[in-house]
Protein chains: 2
Amino acid sequence: MELQLVNERRRPAYAAQRLAEFAERCRAGGLAVTPQRIAIIKVLLDSAEHPRADAICAAVRKQHPHVSLATVHRTLETLCEIGEARKVTMLHDSARYDGNLTPHHHVVCIKCRCIRDIEIPQLDRILAGRSELGEFTVLGSSLEIHALCERCGAKAAKRATGGVGRSQRKQKSSK
Amino acid sequence: MELQLVNERRRPAYAAQRLAEFAERCRAGGLAVTPQRIAIIKVLLDSAEHPRADAICAAVRKQHPHVSLATVHRTLETLCEIGEARKVTMLHDSARYDGNLTPHHHVVCIKCRCIRDIEIPQLDRILAGRSELGEFTVLGSSLEIHALCERCGAKAAKRATGGVGRSQRKQKSSK
DNA sequence: TAACCAGATGATAATTATTACCATCTAGGA
DNA sequence: TCCTAGATGGTAATAATTATCATCTGGTTA
Ligand SMILES: [Mn+2]
Ligand SMILES: [Mn+2]
Ligand SMILES: [Zn+2]
Ligand SMILES: [Zn+2]
C-alpha cells in the first residue's frame with residue numbers, strides 16, 4: 001500500500017515548526033521580515049487547500065484588512081523563490097495541449113518551459129489497478145518531472161563560470 | 001532503465017493513424033467534421049511541443065488564414081472532451097500554492113479541483129538518483145493523480161441513477 | 001439536388017489572473 | 001534616531017480565456 005493520502009493531523013505541528021523558523025529563513029534569503037509576509041505564510045501553512053492567491057488574500061485580510069492582492073501575489077512568488085513554498089504545478093500560466101493519447105508523462109524545463117514526453121512503465125504499474133485513494137476515485141495520472149533542458153543548463157553553467165550574465169525570459173511560443 | 005524519453009520517430013506514423021480515424025471519431029462524438037477541426041488536430045498531432053492555443057492558431061493560419069483564435073480555443077476544449085486530446089496539466093487556470101515542503105504528490109478532483117496531498121515512496125525511489133534524462137538535468141517531480149472526490153463522485157452517481165440533473169461548476173475558492 | 005437547421009465559426013466584448021508602475025512607507029542597519 | 005534599499009498599496013496594463021451574437025455550413029431529409 002505504498003500510495004496513500006497524507007495524514008492531515010501532522011499539519012499543525014509542521015506549521016508551527018516552519019513558522020518558528022520563518023523569520024530566520026527570510027534573513028537568510030536577504031528578505032525583510034514584514035507583517036504581510038508573516039501573515040501570508042501563516043495562512044499558507046495552515047491551509048490544506050492548496051489555495052489560490054485570491055483565497056490567501058481573503059484569509060489574510062481577516063486579520064490585516066489593508067493587505068493588497070498585488071502584495072500577496074508578489075509574496076507568494078518570493079516564497080517560492082527562497083524555497084519556503086511551492087506551486088502545485090509550474091505549468092499554470094496557460095493551457096498546453098497534447099495530441100498523444102498513449103499513456104505517458106512529461107519532463108518540463110523550469111526555465112524555458114519546453115516539454116518532452118517520457119515513459120515510466122513502472123509508475124503506470126504502481127497506479128494500475130488502484131481505483132480508490134481515500135475518498136477519491138482514481139481515473140488517471142500525470143507526472144511532471146522538473147528539469148533543466150540542454151540549452152538552459154548550458155546557459156546556467158556559462159553564467160556560473162563567468163560568461164556574460166545575459167538574463168533570460170520564459171519562452172513564449174510565438175508572439 | 002524504466003524511465004526514458006519517448007522516441008520521436010514514432011510520431012509521424014501515429015499522427016497519420018489518428019488523423020485517418022479522426023472524421024469517424026468526430027461523428028461518434030456527435031460532432032461535425034469541419035475543415036477547422038481537421039486543421040487543428042493536424043497541427044496538434046504533428047507537434048512535439050505541447051503547444052498553447054495561440055501557437056496552434058498561428059500554425060493553422062499558415063493554411064487557413066481566416067481561422068479565429070476563439071475557434072481554436074473552443075476546438076481544443078472539444079477535442080479534450082471527446083478524448084482526442086488532453087491537457088498537459090488540468091491545473092492551468094491559476095496558480096495553486098503549497099506550504100508543505102516535504103516530498104509529496106497530489107490527487108486532484110477533475111470536477112471541483114480540490115487537491116489533497118499523497119505520499120508515494122515507491123515513486124520517489126524510482127526518481128531518486130536519476131539526475132539525467134536524455135538532454136535534461138532532473139531536479140524534482142510532481143505527480144498529479146486525476147480523480148473524483150467523494151462529493152463529486154456522489155453527485156455523478158445520483159445523476160446517473162435519475163437524480164435531479166443539477167449542473168455543477170468548477171469550484172472557485174472565494175469570489 | 002435543393003432546402004433546412006442545429007451546431008460551428010468569426011469578430012469582438014467581457015472576464016479573470018497576473019504583472020507593471022509608481023508614490024509612499026518601513027525594516028533593519030549605522 | 002536617521003537613512004535608505006527594499007516592501008507595500010493602489011491602480012493601470014497585459015495576457016489568457018470565455019461569452020456573445022450575427023452569420024455560415026455540414027449533414028440530413030425530401
Ligand atoms: Mn505529451
Ligand atoms: Mn501539497
Ligand atoms: Zn530550457
Ligand atoms: Zn470534487
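Please read all numbers here as calculations on a predicted model, not as lab measurements. Throughout, a chain's letter reflects where its sequence line sits, starting with A, and its residues are numbered from 1.
Atom CG in A:Leu69 sits about 9 Å away from atom C1' in C:dA17, given to the nearest Å. B:His92 places its NE2 atom 10 Å from the C1' atom of D:dA16, with the value rounded to the nearest Å. The separation between A:Leu91 atom CG and C:dT18 atom P is 14 Å, rounded to whole Å. Atom CD1 of B:Ile40 is separated from atom P of C:dA8 by 12 Å (rounded to the nearest Å). As rounded to whole Å, 14 Å separates atom P of C:dT26 from atom NE2 of A:His64. In this structure, the CD atom of A:Glu77 is 14 Å from the P atom of D:dT8, given to the nearest Å. Going from atom CD1 of A:Ile56 over to atom P of C:dA17 covers 13 Å, rounded to whole Å. If you take NE2 of B:His73 and C1' of C:dT9, they are 15 Å apart, rounded to a whole angstrom.
Side-chain nitrogen and oxygen atoms of A:Gln36 include at least one within less than 4.0 Å of the OP1 or OP2 phosphate oxygen of D:dG9. For C:dG10, the OP1/OP2 oxygens have a side-chain nitrogen or oxygen of B:Thr71 closer than 4.0 Å.
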Donor-acceptor contacts under 3.5 Å from residues 30-39 of chain A side chains, at least two apart:
unit_1: A:Thr34; atom_1: OG1; unit_2: A:Arg37; atom_2: N; d: 3.1
unit_1: A:Arg37; atom_1: NH1; unit_2: A:Ala32; atom_2: O; d: 2.8

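Comparing the local axis fitted to the first five base pairs of the helix from C:dT1-D:dA30 to C:dA30-D:dT1 with the one fitted to its last five gives a bend of 30°, rounded to 10°.
Contacts of A:Asp117 classified as salt bridge (Lys or Arg N to Asp or Glu O under 4.0 Å), with partners at least two apart in sequence or in another chain: B:Arg11. Applying the side-chain hydrogen bond (donor to acceptor under 3.5 Å, both in side chains) criterion to B:Asp124, with sequence neighbours excluded, gives B:His105. Residues that satisfy the side-chain hydrogen bond (donor to acceptor under 3.5 Å, both in side chains) test with B:His146, not counting sequence neighbours, are B:Glu144. B:Glu21 pairs by the salt bridge (Lys or Arg N to Asp or Glu O under 4.0 Å) definition with B:Arg25, not counting sequence neighbours. With sequence neighbours excluded, the residues forming a salt bridge (Lys or Arg N to Asp or Glu O under 4.0 Å) with A:Glu24 are A:Arg27, listed by chain and number.
Residues B:Leu19 and B:Leu45 share a closest heavy-atom pair of N-CD1, 3.9 Å.
In this structure, A:Tyr14 and B:Leu101 have side chains that are in contact, with non-hydrogen atoms separated by less than 4.5 Å.
Listed by first and then second residue, the side chain to side chain donor-acceptor pair (under 3.5 Å) pairs involving residues 134-143 of chain B are A:Arg116-B:Glu135 (not counting sequence neighbours). The list of salt bridge (Lys or Arg N to Asp or Glu O under 4.0 Å) pairs with a residue in residues 57-77 of chain B, not counting sequence neighbours, reads B:Glu77-B:Lys87. Evaluation of the ring pair (Phe, Tyr, Trp, His ring centres under 6.0 Å) test over residues 15-53 of chain A, restricted to residues two or more places apart or in two chains, returns A:His50-B:His106.
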Please enumerate all protein N or O atoms sitting under 3.5 Å from an N or O of nucleotides 10-14 of chain D, with distances to 0.1 Å.
none

When you compare the protein's N or O atoms with those of nucleotides 27-30 of chain D, which come within less than 3.5 Å of each other, and at what distance?
unit_1: D:dG27; atom_1: OP1; unit_2: B:Val33; atom_2: N; d: 3.0

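Among the nucleotides D:dT17, C:dT18, C:dT9, the one closest to any side-chain atom of B:Arg37 is C:dT9.
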